[in-house]
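Before any comments, here is the structure.
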Amino acid sequence: MIRFIRFIDRISTFVGKTFAWLIVILTLHVCWEVGARYLLNQPSAWAFDLQMMYYGILFMMAGAYTLAKNGHVRGDILYGFLPPRVQAGLDLILFIVFFIPGVIALVWAGWHYAGYSIAIREHSSLMANGPPIYPFKAFIPVAGAFLLLQGVAEILRCVLCLRRGAWPSREEDVEEVDIDKLKEMVHVKDEDIARLDRYVKSGGPAQ
């Protein structure tokens, strides 16, 4: 079971990291648009719509990745103090009662929503001759399918926790730097940092 969970985790991670490159594309597009608007006086009519699509696709396709890394926001003021088995029981109930039906509804509705948009070759209505938006809407059911697949992995993770009494480990990934943990890893104390600061301010160690 743990191999199947890790397999799904790797799929979600691959998808999330692949679509994360849209951040680079979005940044370059914004920079180009600013230059074209203020330096060349040639703004693009599609700029705003395309930027919203980039961000929307990134947001949707990162959902499964975020779930795989347990990164979604939760109200865990009391949750964090509960034993792992109680946490797993609560998560299992919430996944089955709310998450799975909700995501299935997202995939089902998104499939018809995207299908209709593709059928009529829908374009943006914010302007005349707006950009096509049916490729963007096609990502709705796709993102929902990946999220549903990761939800299955999370349910199995809850089952394992109920059996073992401890949460199975997740694959390590890039995280925000915790200064205190970093100090522990490199065995640096606050006194050492203060001593080095004095050297920097004085221009070097005393002769």
Return the minimal non-hydrogen interatomic distance between [X] and [Y], and the atom names on each side.
X: Val107; Y: Ala145; result: CG2-N, 3.6 Å
X: Ala114; Y: Lys137; result: CB-O, 3.3 Å
X: Tyr134; Y: Glu122; result: CD2-O, 3.3 Å
X: Met53; Y: Pro132; result: CE-O, 3.5 Å
X: Leu149; Y: Ile8; result: O-CG2, 3.6 Å
X: Pro84; Y: Cys161; result: O-SG, 3.4 Å

Note: with side-chain heavy atoms under 4.5 Å as the link, the other cluster members for Val97 come out as Ile93, Leu94, Phe98
With a 3.5 Å distance limit and no angle check, can you tell me whether [X] reaches the backbone of [Y] through a side-chain donor-acceptor pair?
X: Gln42; Y: Ala36; value: no
X: Arg37; Y: Pro43; value: no
X: Ser117; Y: Tyr113; value: no
X: Arg85; Y: Arg163; value: yes

Quick note, ring-ring contact (aromatic ring centres under 6.0 Å, His included) partners involving residues 15-37, not counting sequence neighbours, are Phe19-Phe139, His29-Tyr54
For the atom pair [atom1] ([X]) and [atom2] ([Y]), what is the distance rounded to the nearest 0.5 Å?
X: Ser12; Y: Leu147; atom1: OG; atom2: CG; value: 8.5 Å
X: Ile5; Y: Arg10; atom1: CD1; atom2: CZ; value: 11.5 Å
X: Gln87; Y: Leu162; atom1: CD; atom2: CG; value: 11.0 Å

- Item | Atom CZ of Phe95 with >12 non-hydrogen neighbours under 6.0 angstrom | yes
Does CH2 belonging to Trp167 count more than 12 external heavy atoms closer than 6.0 Å? yes
Indicate if [X] and [Y] have the same hydrophobic cluster label, given that clusters are the connected sets of ILVMFWY residues with side-chain heavy-atom separations under 4.5 angstrom.
X: Met1; Y: Phe7; result: yes
X: Ile100; Y: Val103; result: yes
X: Ile96; Y: Leu67; result: yes
X: Ile155; Y: Leu160; result: no
X: Ile133; Y: Ile25; result: yes

Would you mind reporting whether [Y] and [X] have side-chain heavy atoms less than 4.5 Å apart?
X: Val24; Y: Leu28; result: yes
X: Phe136; Y: Met60; result: yes
X: Met61; Y: Leu22; result: no
X: Ser124; Y: Trp46; result: no

* Distance-only polar pair, side chains of Thr13 and Arg6, donor-acceptor under 3.5 Å -> no
*Would you kindly say whether Tyr65 and Lys17 are connected by a side-chain donor-acceptor distance under 3.5 Å?*
no
I'd like to know whether Asp9 forms a salt bridge (charged side-chain N to carboxylate O under 4.0 Å, His left out) with Arg157, so could you lay out the CA-CA distance, the side-chain angles of the two residues, the decisive distance to 0.1 Å, and finally the verdict.
CA-CA 11 Å; Asp9 286 347; Arg157 187 173 270 116; 2.5 Å; yes
Salt bridge (charged side-chain N to carboxylate O under 4.0 Å, His left out) between Glu154 and Arg170, intermediate numbers included: CA-CA 11 Å; Glu154 296 304 313; Arg170 297 178 184 268; 2.9 Å; yes
His112 meets the ring pair (Phe, Tyr, Trp, His ring centres under 6.0 Å) criterion, sequence neighbours left out, with Trp108
